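Quick caveat: nothing in here was measured; it's all calculated off a predicted structure. Both backbone and side-chain heavy atoms feed into the values below; hydrogens, waters and symmetry mates do not.
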Amino acid sequence: MRAPARLGIPLADVDTPALILDLDAFERNLQTMADWAKSKNVRLRPHAKSHKCPAIAHRQMALGAVGVCCQKVSEAEVMVDAGITNVLISNEVVGRTKLEALAQLALRARMGVCVDDIRQIRDLSEAMHAAGATIDVLVEINIGGNRCGVEPGDPAVRLGAAVAQADGLRFAGLQSYDGITQHVRDPDERKARAARAGDVTAQTIAALRDIGLECETVGGAGTGSFAFDGMSGVWNELQPGSYAFMDADYARNTPAGGDVPKFEHAMFVWAIVMSRTSVGQAVVDAGHKVLPIDSGMPVPFDRPGVRYERPSDEHGCLVAELDSALPDLGEKILIVPSHVDPTANQHDFFIGVRGMAEGDGTVQEIWPVTARGCVF
Ligand code: PLP
Ligand code: MN
C-alpha cells in the first residue's frame with residue numbers, strides 16, 4: 001500500500017488526508033509522563049489501543065514502561081509479534097477462539113488479563129491448562145464507571161480466591177479503572193471522583209489481604225486521572241494512552257493545577273481545501289472516516305474563529321464568521337482529532353514530522369498502524 005508521504009519531504013508535500021505525528025511534541029509527551037511516573041514511584045503501562053503502533057510501543061518501553069496494555073487479543077498478538085514481551089489485556093476475554101489465542105500468547109510473553117465473573121475464570125483456566133500456559137489475572141472491580149467489573153469488597157474477594165486456586169492462573173491483583181472520571185471537565189470534581197474510587201479500591205485490597213492475597217498490581221488510570229491516582233498510594237500501575245497525542249476532547253478538560261504535568265497536541269489529520277464555493281465555508285477532504293466524531297467535533301489547529309462541522313464520509317466543512325479566516329482552495333491545514341483512539345484506527349500510517357513548530361517540518365518517520373482493525 002502506498003503511504004501518503006515519503007521520508008525527507010516537507011509536510012507541505014504530504015498527501016491528504018494523512019495522520020500526522022508532531023515528533024517533537026510527541027517525544028516531549030512521552031518523556032513528561034515517564035519522568036512523572038518515575039518521580040512518584042509508580043509503574044507506567046501505557047495503553048496501546050490509543051496508537052495500535054508497535055514503533056510507538058517500543059518508544060514507550062525505551063522510556064521505562066513495564067509493558068503495554070491492549071484491549072483485544074488480536075491487538076496483543078501484533079504487539080507480541082513486534083517484540084513487546086509484557087502485555088496486559090485490560091479487559092475481559094470471552095469465547096473459546098480468543099482464549100486459545102490468548103493461551104498461545106501466554107507461552108510467548110508475560111501476559112495478563114482481567115476477569116469479573118467466575119465463569120470467565122473457569123474458561124480461562126481450562127484454556128491455559130490445555131496449552132500448558134500460565135497467565136496473570138487481575139480481578140476488575142466496578143469503581144463507578146458501571147461498565148465491566150465485579151462490585152468491590154466481598155464479591156471481588158470471592159473472585160480473587162477462585163483465581164488463586166485455578167490451574168494456569170496467577171492472582172496478580174486488581175484492575176480498577178473508571179472511564180467516566182477521565183473526561184470530567186472540572187478538576188476538583190475529577191479529583192473527588194478519583195478519590196472515592198481510591199477508597200473502595202483500598203478497601204478491597206485490604207479485604208484480599210485478610211484472606212492472604214496480596215495485590216502485586218493495582219492497575220487503572222487514564223490521561224484525565226493519572227495524577228490523582230498515581231499520588232493516591234492505592235494504584236501502582238498507570239495505564240494512560242491518550243497523553244502521548246492529546247485530543248480535542250481531552251483539551252476540553254480544565255487542567256488540574258499544581259505539579260500535574262500537561263501534554264501537547266501531537267496527533268493531527270492533514271487535510272486540503274477541495275472546494276470553496278460559498279462565502280464563510282471551505283470544504284476539506286477529511287470526513288468522519290478519518291476523523292471519528294464520537295467525542296464531538298475535531299478542531300482546526302491554530303485557526304482562531306474557524307470551526308469544523310457537518311462531516312460526511314469524505315468531506316468536512318470549515319466555517320467562519322470572517323471569510324478571510326478560512327484557508328483557500330488548495331491550502332492544507334492541520335485538524336486536531338476529537339478522540340485519538342478511533343482516529344489512529346482509521347489510518348494505515350503515522351507520518352512523523354520533525355520541526356513543525358519552526359514552520360513546515362520534514363517527514364522523518366513513517367510508522368505503520370499495524371494493529372489497525374485488530375478489534376477482535
Ligand atoms: N485503561 C483502560 C482499561 C481503558 O479502557 C482506557 C481507555 O479507555 C485507558 C486505560 C486509557 O485511557 P486514556 O486514553 O484516556 O488515557
Ligand atoms: Mn479513548
Side-chain angles (χ1 to χ4, degrees), residues 1 3 19 45-61 65-117 119-121 123-138 140 147-149 168-169 172 175 177 179 219 222 237 239-242 244-245 267 289-290 292 294 337 339-350 366-376:
M1 182 184 307
L19 185 66
R45 181 184 287 280
H47 216 304
K49 80 187 168 82
S50 300
H51 50 71
K52 291 176 168 279
C53 174
I56 292 179
H58 278 297
R59 277 160 180 79
Q60 292 173 317
M61 296 294 289
V66 293
V68 299
C69 292
C70 287
Q71 213 73 309
K72 298 299 180 89
V73 174
S74 59
E75 207 172 56
E77 283 171 337
V78 169
M79 293 296 156
V80 172
D81 285 349
I84 304 289
T85 55
N86 188 327
V87 179
L88 168 69
I89 305 213
S90 58
N91 211 352
E92 285 68 22
V93 173
V94 171
R96 182 200 290 268
T97 308
K98 285 188 218 307
L99 289 171
E100 284 172 1
L102 182 58
Q104 290 306 309
L105 280 179
L107 292 171
R108 300 166 55 203
R110 179 87 189 250
M111 294 297 300
V113 67
C114 298
V115 297
D116 64 3
D117 192 298
R119 293 166 293 180
Q120 296 154 0
I121 295 170
D123 293 352
L124 189 61
S125 174
E126 210 172 281
M128 293 302 142
H129 177 75
T134 304
I135 194 163
D136 287 344
V137 177
L138 301 182
E140 179 167 14
R147 190 173 65 178
C148 298
L169 311 189
Q175 169 74 2
Y177 175 78
E237 199 169 286
Q239 307 172 344
S242 303
F245 315 106
M267 183 197 285
K289 276 193 188 175
V290 291
D294 59 286
H339 189 182
V340 292
D341 312 55
T343 303
N345 189 51
Q346 294 293 77
H347 295 261
D348 290 300
F349 302 98
F350 276 101
I366 298 178
W367 294 331
V369 186
T370 316
R372 174 185 183 186
C374 289
V375 292
F376 54 99

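When all heavy atoms of Cys53 and Pro368 are compared, the closest pair comes out as SG-O, 3.5 Å. Shortest non-hydrogen contact noted between Met79 and Ala48 is CE-CB, 3.9 Å. The minimum heavy-atom distance between Pro46 and Ala65, with the atom names listed, is CD-CB, 3.5 Å. Scanning both residues, Cys148 and Asp116, for their nearest heavy atoms gives CB-OD2, 3.6 Å.
Looking only at side-chain heavy atoms (C-beta outward), Pro292 and Gln346 come within less than 4.5 Å of each other. Under the 4.5 Å side-chain criterion, counting only non-hydrogen atoms from C-beta, Leu102 is in contact with Leu124. A heavy-atom distance below 4.5 Å is not found between the side chains of Phe349 and Leu19. Using a 4.5 Å cut-off on side-chain heavy atoms (C-beta onward), Glu92 and Asp117 make no contact. In this structure, Val113 and Leu138 have side chains that are not in contact, with every pair of non-hydrogen atoms separated by 4.5 Å or more. With contacts defined as side-chain heavy-atom distances shorter than 4.5 Å, the pair Arg59/Trp367 qualifies. Within the 4.5 Å cutoff, side-chain heavy atoms of Met111 are placed close to those of Val80.
Between the NZ atom in Lys98 and the OG atom in Ser74 there is a gap of 7.5 Å [rounded to 0.5 Å]. Taking CD of Gln71 as the start and CG of Asn91 as the end, the distance is 4.5 Å to the nearest 0.5 Å. For the atom pair Glu75 CD and Asn345 CG, the distance stands at 8.5 Å (nearest 0.5 Å). Between atom CD1 of residue Ile84 and atom CD of residue Gln60 there is a gap of 8.5 Å, rounded to the nearest 0.5 Å. Taking CG of Leu105 as the start and CD1 of Ile89 as the end, the distance is 6.5 Å to the nearest 0.5 Å. Atom CZ in Phe350 sits 4.0 Å away from atom CE in Met267 (nearest 0.5 Å).
No option in Pro240, Pro342, Ser242 other than Ser242 meets the side-chain contact (heavy atoms from CB on, under 4.5 Å) test with Ser50. Val68 pairs with exactly one of Val87, Leu88, Asn86 by the side-chain contact (heavy atoms from CB on, under 4.5 Å) rule, that one being Val87.
Counted within 6.0 Å of NE2 on His129, heavy atoms from surrounding residues, nucleotides or ligands total 12 or fewer; the atom is thus considered open.
Side-chain atoms of Gln175 and Gln239 form a donor-acceptor pair, as typed in the model, at a separation below 3.5 Å.
Lys52 contributes a side-chain N or O that, together with a main-chain N or O of Cys374, makes up a donor-acceptor pair within less than 3.5 Å. A donor-acceptor distance shorter than 3.5 angstrom exists from the side chain of Thr343 to the backbone of His339, with no hydrogens or angles considered. Side-chain N or O atoms of Arg108 include none that pairs as donor or acceptor with a backbone N or O of Gln104 at under 3.5 Å. At least one donor-acceptor pair closer than 3.5 Å links the side chain of Lys72 to the backbone N or O of Val375. Here the side chain of His58 pairs a donor or acceptor atom with the backbone of Ala82 at under 3.5 angstrom.
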- List the steps and the verdict of side chain to side chain contact (heavy atoms under 4.5 Å, CB included) for Val93 and Leu99. CA-CA 7 Å; Val93 173; Leu99 289 171; 3.9 Å; yes
- Message: Determine whether Phe376 and Val73 satisfy the following criterion, side chain to side chain contact (heavy atoms under 4.5 Å, CB included), listing intermediate values before the conclusion.
- Response: CA-CA 7 Å; Phe376 54 99; Val73 174; over 6 Å; no
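Relative ring orientation between His51 and Phe245 is described as perpendicular, the plane-to-plane angle rising above 60° on a 0-90° scale split at 30° and 60°.
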